[in-house]
Participant: 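Here you go, one structure.
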Number of protein chains: 2
Amino acid sequence: MTEIPPVLLDEQLCFSIYSASKKFNHFYQSALAPFGLTYPQYIALLALWEDAPLTVHQLGDRLELDSGTLTPLLKRLEKQGWVTRVRSRTDERQVLIHLTAMATTKRDEVYQRIGQCQSLLGMSDQEIQTLMTDLITVKSQLDHVSEQRAIEKKVNAQN
Amino acid sequence: MTEIPPVLLDEQLCFSIYSASKKFNHFYQSALAPFGLTYPQYIALLALWEDAPLTVHQLGDRLELDSGTLTPLLKRLEKQGWVTRVRSRTDERQVLIHLTAMATTKRDEVYQRIGQCQSLLGMSDQEIQTLMTDLITVKSQLDHVSEQRAIEKKVNAQN
DNA sequence: GACAATTTAATTGTATACAATACTATTGAA
DNA sequence: TTCAATAGTATTGTATACAATTAAATTGTC
């Protein structure tokens, strides 16, 4: 007869992160309005500006998104002239995502716009660094739990 | 002729939060599989368990979601027997979301399941508290920037 | 070299998100 | 009281997300 403690919304770390994530999304959507980019499209371009071309799979690893999300997103980026999607000649299963000349040209404009926006956050590099380190801890814990669950599931399936 | 510093994905706070949010989503989706609940459905129930009934608008304020998201979500919760949607008799514009007997019965089961899962995170209350406080700072900064943008937009519109 | 197993993208189906619009009920001001 | 303004919800359209499936290409093994 143990009392079960209530789960209060405002005490949930998940909810803090969930709502912060949505706010960041709006923040960037608004900041990137002059370029017509959504937040997921923007991070796809960030990854590509660091290291293009990438296959859909490689980009997915980087952004933790699967082809079900990336394929339509990349088709939209292609339509808007940021990337090209080219089947690899050496392995026809792969699609290579290349940056267009326009994407290369506009890169610094985007970098600059984002740099300006980030300074609006009014946080020191130190503060941001600490927060990010903590988040990495949380994420690795979540990964660990997911892995455990996957193993349990596998073991159960064997019976 | 100032050099524009690159924006590196792994240094972006937004991306840390974005991917942490997605991981939490999976974590809860998996933990709540026995109840057939998604993460957004779960937080809607959390809010209602704290204080039902709520109008769609009140629930939206609590979760920071609008009717475009909530209406279909609540219809699904209704279909699955967790809530009922009733037009207010005193103000026919409002729809009141009530919990069903089933939702009340299952509340403690869900609380217990979630409590167990959270302990898997292996973080102290202190650590979680600190992280949440920092996230609140970030969110209020983002709100502040959004407000500034809205004001600028308004002023521009007046010209 | 044939062919089963694997890899890689794309597709399909379901569920958020949210801006913009529509629609109905209520309120408020002349 | 009338009726314009407002409030509350639903709808529509676009864009993620992701599980599950499909389809095509490649690899490994004999």
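Lettering follows sequence order; numbering is per chain, from 1.
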Participant: Distance check needed: C:dT8 P versus A:Ile97 CD1, whole Å only.
Facilitator: 15 Å
Participant: According to the interplanar angle, ranging from 0 to 90°, do the rings of A:Phe24 and A:Phe27 count as parallel (below 30°), tilted (30 to 60°) or perpendicular (above 60°)?
Facilitator: perpendicular
Participant: Starting from P on D:dT6, measure out to NE2 on B:His57 and report it in whole angstrom.
Facilitator: 16 Å
Participant: So for atom NE2, which belongs to A:His98, do other residues, nucleotides or ligands contribute more than 12 heavy atoms lying within a distance under 6.0 Å?
Facilitator: yes
Participant: So, does B:Gln80 use its side chain to make a donor-acceptor pair with the main chain of B:Leu77 at under 3.5 Å?
Facilitator: no
Participant: Can you tell which of C:dA9, D:dA25, D:dT11 lies closest to the side chain of A:Thr71?
Facilitator: C:dA9
Participant: Quick check for you: among D:dA7, D:dT9, D:dA10, whose closest atom lies nearest to any side-chain atom of B:Arg85?
Facilitator: D:dA10
Participant: Using atom CZ of B:Arg87 as one end and atom P of D:dT9 as the other, report the distance to the nearest whole Å.
Facilitator: 8 Å
Participant: Quickly work out the A:Asp61 CG to C:dT7 C1' distance and round it to whole Å.
Facilitator: 13 Å
Participant: Output the single nucleotide from D:dA10, C:dA10, C:dT6 whose closest atom is nearest the side chain of A:Val95.
Facilitator: C:dA10
Participant: What is the ring orientation for A:Trp82 with A:Trp49, classed by angle as parallel under 30°, tilted 30 to 60°, or perpendicular over 60°?
Facilitator: perpendicular
Participant: Give me the bend of the helix from C:dG1-D:dC30 to C:dA30-D:dT1, using the axes of the five pairs at each end, rounded to 10°.
Facilitator: 10°
Participant: Looking at B:Arg87, is its backbone amide N or carbonyl O close enough to the side chain of B:Gln94 to form a donor-acceptor pair, meaning the two atoms are under 3.5 Å apart?
Facilitator: no
Participant: According to a strict under-4.0 Å criterion, is A:Lys75 in side-chain N/O contact with OP1 or OP2 of C:dA9?
Facilitator: no
Participant: For the residue pair A:Tyr28 and A:Tyr42, categorise the inter-ring angle as parallel (less than 30°), tilted (30 to 60°) or perpendicular (more than 60°).
Facilitator: parallel
Participant: Please report, rounded to the nearest Å, how far the C1' atom of C:dT8 is from the CG atom of A:Leu74.
Facilitator: 14 Å
Participant: Take A:Arg85 and A:Glu78, measure what salt bridge (Lys or Arg N to Asp or Glu O under 4.0 Å) needs, and give me the verdict at the end.
Facilitator: CA-CA 7 Å; A:Arg85 298 161 62 252; A:Glu78 185 176 44; 3.5 Å; yes
Participant: For A:Leu96 and C:dT7, what is the distance between atoms CG and P respectively, to the nearest whole Å?
Facilitator: 19 Å
Participant: Locate the shortest heavy-atom distance separating B:Leu65 from A:Lys22; write the atom from each residue and the value.
Facilitator: CD2-NZ, 3.1 Å
Participant: Once you round it to whole Å, what is the distance between C1' of C:dA5 and CZ of A:Arg93?
Facilitator: 12 Å
Participant: Name every donor-acceptor pair, under 3.5 Å, that has one atom in a side chain of residues 67-74 of chain A and the other anywhere in the protein, sequence neighbours excluded.
Facilitator:
{"residue": "A:Thr71", "atom": "OG1", "partner": "A:Ser67", "partner atom": "O", "Å": "3.0"}

Participant: Grab the CD-C1' distance between B:Gln58 and D:dA7 for me, whole Å please.
Facilitator: 13 Å
Participant: Treating primed atoms plus P, OP1 and OP2 as sugar-phosphate and everything else as base, which nucleotides of nucleotides 12-20 of chain C get B, S or - for protein heavy atoms under 4.0 Å?
Facilitator: ---SBBBB-
Participant: With heavy atoms under 4.0 Å as the rule, sort A:Ser30 into base, sugar-phosphate or nothing.
Facilitator: nothing
